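Since we're looking at a predicted model, the values are computed, not measured. Computed over heavy atoms, backbone and side chain alike; hydrogens, waters and symmetry mates excluded.
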Amino acid sequence: MAAIQAEPVPGDVAANARTAGRLARRAADAGARLAVLPELFLPAYHPPTLAAQPGTDVAAAEDGQVDDPRLDPLRAAARDRALVLFIGAAVRHPDGRRTCSGLLVRPDGSVLDGYHKQHLWGPDEQALFTPGRHSTSIDVAGWRLGLGICYDGCFPEHGRAAALDGAHGYLCPSGYLDGSQHRRDLYYRARALDNTMYVVFANLVGGRPPWRFNGGAAVCDPEGRPLVRGPDEGEYLAVADLDPVHLSTTRTDQTMLVDRRDDVYSERKLLLT
């Protein structure tokens with residue numbers, strides 16, 4: 001798996017797709033079979049530009065297929081390297097909805113609007129997007145991977161729902177602003193340990209305040225330890241292997257998923273002191 005951090009150009013989908021294609025090829029050459037790129041990487045996470053320029057969107061058909069020539073560098077990279085890509089985009093739907101999405105680029109070069117962010121962060125995202133309606137997992141080479149986007153990973157229930165659906169890992173393209181380094185690191189390590197699953201966290205980097213981002217792309221193991229982690233600044237590919245033996249051993253030793261008791265959480269009593 002590869003978690004990628006990079007700086008996109010606000011509003012320039014074609015240029016950002018070229019950057020993503022270049023980085024995806026590098027990730028594949030480093031051994032990755034799946035590469036995760038940050039939240040809203042294709043248009044860049046820049047709310048003023050997203051609000052002013054509808055050309056930052058890609059269009060999805062009723063069946064979720066995306067056919068946009070600006071994405072050709074992604075298709076070519078996926079086909080040439082037999083790679084799966086998960087990359088952030090702003091997507092316009094036939095019914096008029098606009099979603100903060102994660103596009104799936106398959107090894108055959110097809111592009112699918114795979115997941116819509118369910119938890120929108122702050123007034124800017126809430127003004128720009130409609131929240132997602134459905135949770136999603138994918139299968140890559142026998143690994144079941146739950147999909148989230150940034151703020152989704154701040155809710156323990158979101159990662160837990162993926163784990164209860166059989167996920168071995170959790171993919172989170174994100175856009176964490178400078179100053180949030182402590183929360184950035186804590187949330188995704190906690191999701192890994194909570195659910196004894198791998199977490200792949202890709203983040204934006206660079207930009208100008210107040211839209212300056214803090215990198216730290218990482219792959220965390222099922223005990224919440226970063227196997228590899230990027231710096232807070234600069235382009236970086238965090239590449240690590242997901243190990244089925246380590247996953248199995250961790251879930252044998254750390255049995256939270258088996259020991260959890262839904263039957264006792266809803267009834268509470270209050271004691272006065």
Cluster overlap Phe129 with Leu147, hydrophobic side-chain contacts below 4.5 Å: no
Heavy-atom side-chain contact between Leu257 and Asn195 under 4.5 Å: yes
Side-chain heavy atoms of Val105 within contact of Leu71, under 4.5 Å: no
Flag side-chain contact, heavy atom, 4.5 Å: Ser101 against His116: yes
Approximate separation, where rounding is to 0.5 Å, of Leu120 CG and Tyr151 OH: 10.0 Å
Side chain proximity check, Ser180 to Asn214, heavy atoms < 4.5 angstrom: yes
Qualifying residue for side chain to side chain contact (heavy atoms under 4.5 Å, CB included) with Leu85, from Ile4, Leu23, Leu74: Leu74
Donor-acceptor contact below 3.5 Å, side chain Tyr265 vs main chain Arg261: yes
Asp241 side-chain N/O to Asp243 backbone N/O, donor-acceptor pair under 3.5 Å: no
Residues Glu223, Asp253; criterion side chain to side chain contact (heavy atoms under 4.5 Å, CB included); working and verdict: CA-CA 10 Å; Glu223 294 185 80; Asp253 293 341; over 6 Å; no
Thr196-Arg251 side chain donor-acceptor pair, cut-off 3.5 Å: yes
Plane angle bin for Tyr45 and Trp211 - parallel if under 30°, tilted between 30 and 60°, otherwise perpendicular: tilted
Phe86 and Leu103: CA distance, side-chain angles, deciding distance, side chain to side chain contact (heavy atoms under 4.5 Å, CB included) verdict: CA-CA 6 Å; Phe86 186 47; Leu103 300 184; over 6 Å; no
Criterion salt bridge (charged side-chain N to carboxylate O under 4.0 Å, His left out) on Asp194 and Arg160, from CA distance to verdict: CA-CA 8 Å; Asp194 287 345; Arg160 176 56 54 84; 5.4 Å; no
Validation row: Asp185, Arg229 side chains within 4.5 angstrom (heavy atoms): yes
When the side chains of residues 6-14 are checked against the rest of the protein, which donor-acceptor pairs come out under 3.5 Å, sequence neighbours left out?
from: Glu7; atom 1: OE2; to: Gly207; atom 2: N; distance (Å): 3.1
from: Asp12; atom 1: OD1; to: Ala15; atom 2: N; distance (Å): 3.1

Any donor-acceptor pair under 3.5 Å from His168 side chain to Arg144 backbone: yes
Rounded distance (nearest 0.5 Å) linking atom CZ of Arg97 with atom CZ of Arg92: 11.0 Å
Spacing of Tyr170 atom OH and Leu145 atom CG [to the nearest 0.5 Å]: 12.5 Å
Nearest heavy atoms of Ala24 and Ala77, plus distance in Å: CB-CB, 4.2 Å
Expected list for residues 33-41: side-chain donor-acceptor pairs under 3.5 angstrom, two or more places apart:
from: Glu39; atom 1: OE1; to: Gly175; atom 2: N; distance (Å): 3.1
from: Glu39; atom 1: OE2; to: Lys117; atom 2: NZ; distance (Å): 2.7

Considering all heavy atoms, the nearest Ala28-Arg81 contact: CB-CB, 3.5 Å
Cluster check Val219, Met197: I/L/V/M/F/W/Y, side chain < 4.5 angstrom: no
Aromatic plane relationship, Trp143 with Tyr198 - under 30° parallel, 30 to 60° tilted, over 60° perpendicular: perpendicular
Smallest separation among heavy atoms of Cys100 and Ile149, with atom names: O-CD1, 3.6 Å
Beyond-backbone contact of Arg26 with Arg22, side-chain heavy atoms, under 4.5 angstrom: yes
Flag, side chain of Glu125 to backbone of Trp121, donor-acceptor distance under 3.5 Å: yes
Asn203 side-chain N/O to Tyr176 backbone N/O, donor-acceptor pair under 3.5 Å: yes
Closest approach of Ala27 to Ala2 (non-hydrogen atoms, all atoms of both residues): CB-CB, 3.6 Å
Residues Asp152 and Tyr115: side-chain donor-acceptor under 3.5 angstrom: yes
Arg133 vs Thr99, side chain to side chain contact (heavy atoms under 4.5 Å, CB included): CA-CA, chis, key distance, verdict: CA-CA 10 Å; Arg133 301 168 177 170; Thr99 56; over 6 Å; no
Glu235 side chain reached by Val205 side chain, heavy atoms, under 4.5 Å: no
Side-chain (Gln181) to main-chain (Gly179) donor-acceptor, under 3.5 angstrom: yes
Heavy-atom pair of closest approach, residues Ala167 and Gly146: CB-N, 3.9 Å
Charged N-O contact under 4.0 Å between Arg106 and Asp108: no
Hydrophobic cluster identity match, Leu242 and Tyr188, side-chain contacts under 4.5 Å: no
Reported NE2-to-CZ distance for the pair His158 and Arg191, which is rounded to 0.5 angstrom: 11.0 Å
Val200 with Val228, same ILVMFWY side-chain cluster at under 4.5 Å: yes
Derivation of the side chain to side chain contact (heavy atoms under 4.5 Å, CB included) call for Gln65 and Leu112: CA-CA 5 Å; Gln65 298 294 321; Leu112 181 68; 3.7 Å; yes
Sub-4.5 Å side-chain heavy-atom contact between Glu233 and Arg212: yes
Straight-line distance of His119 NE2 to Glu157 CD, nearest 0.5 Å: 7.0 Å
Nearest heavy atoms of Cys220 and Arg189, plus distance in Å: SG-CG, 3.8 Å
Hphob cluster co-occupancy, Val239 + Leu171, side-chain heavy atoms under 4.5 angstrom: no
Spatial distance of atom CZ (Arg75) from atom CG (Asp68) [nearest 0.5 Å]: 7.0 Å
Check: Val245 main-chain N/O paired with Thr249 side-chain donor or acceptor under 3.5 Å: yes
